[in-house]
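A short worksheet on the structure shown next.
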Amino acid sequence: MTIRQGIFVPMKILMVCLGNICRSPMADGMMRQIVKERNMDVEVDGAGTASYHVGDPPDRRMQATALEHGVDISYLRARQFVAEDFDRFDIIYAMDRSNYNNITALGTPDQIGKVKMLLDEIHPGKRLEVPDPYYGGDEGFEAVFQMVKSACETIADKIESGEYS
Ligand code: 4NP
């Protein structure tokens, strides 16, 4: 919860990758689960910079890996990032540098200050990427899960501690 224009509103976080079927729905579903478990007033959504998979559920392999760890992401549906998302969200997380560049290309200098690399939450300033698992094997999905989990827990810790408000 944060105060804007004198009223309490939930903090809003957007997770963005390329297709919005692998990495960002994992981050979106993970973050939703964490804030629910911790009873935090935070809204979470996901988007892709590309339109190829709009309306699709998460990739079956990403869904399976998430579910093995007790995270259901089957209900999410892909949508494309739009410039209006800069106004709707407080923090926009890019999974890789290409996503970051594609998002910031759509924003004003003020707006692009909201965009961060997800893994900078656990490796500050390094601009490390969540690797795209789409064309690889199952181990890529497990690696995405572990990175995303660690970053999302850190984000929740920072919101709870008041570092992000
Ligand atoms: P994501 O992975 O960006 O993590 O959702 C991809 C999904 C689909 C494609 C590329 C990346 N694609 O080219 O269709």
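These numbers come from the heavy atoms of this one structure, side chains and all, not from hydrogens, waters or symmetry mates. Remember, it's 1-based here, ligands and their atoms both numbered in the order they're listed. One-based numbering along the sequence shown.
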Next item on the list: Mind checking the CD-CZ spacing from E160 to R38? Nearest 0.5 Å is all I need.
Entry: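 Taking CD in E160 and CZ in R38, the distance rounds to 4.5 Å.
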Check: How many angstroms lie between atom CZ of R32 and atom CG of D72, to the nearest 0.5 angstrom?
Finding: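 One finds 11.0 Å between CZ of R32 and CG of D72.
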Margin query: Would N99 and N102 count as a side chain to side chain donor-acceptor pair (under 3.5 Å) here? Give the steps.
Written below: CA-CA 5 Å; N99 309 147; N102 289 330; over 6 Å; no
Notebook entry, point to check: Is R23 paired with D59 through a side-chain N to carboxylate O contact shorter than 4.0 Å?
Noted result: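 R23 and D59: not salt-bridged.
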Checklist line | Side-chain ion pair, D87 and K114, N-O less than 4.0 Å | finding: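 Looking at D87 and K114, the cut-off is not met.
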Note to self: I'd like to know if the side chain of Q80 reaches the main chain of G48, judged simply by a donor and an acceptor atom lying under 3.5 Å from each other, with no hydrogens or angles considered.
What the structure shows: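 No: the side chain of Q80 does not pair with the backbone of G48.
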Note to self: Show me, by chain and number, every protein residue that has a heavy-atom distance under 4.0 Å to ligand 1.
What the structure shows: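 Within 4.0 Å of ligand 1, the protein residues are C17, L18, G19, N20, I21, C22, R23, Y52, H53, D132, Y134, Y135.
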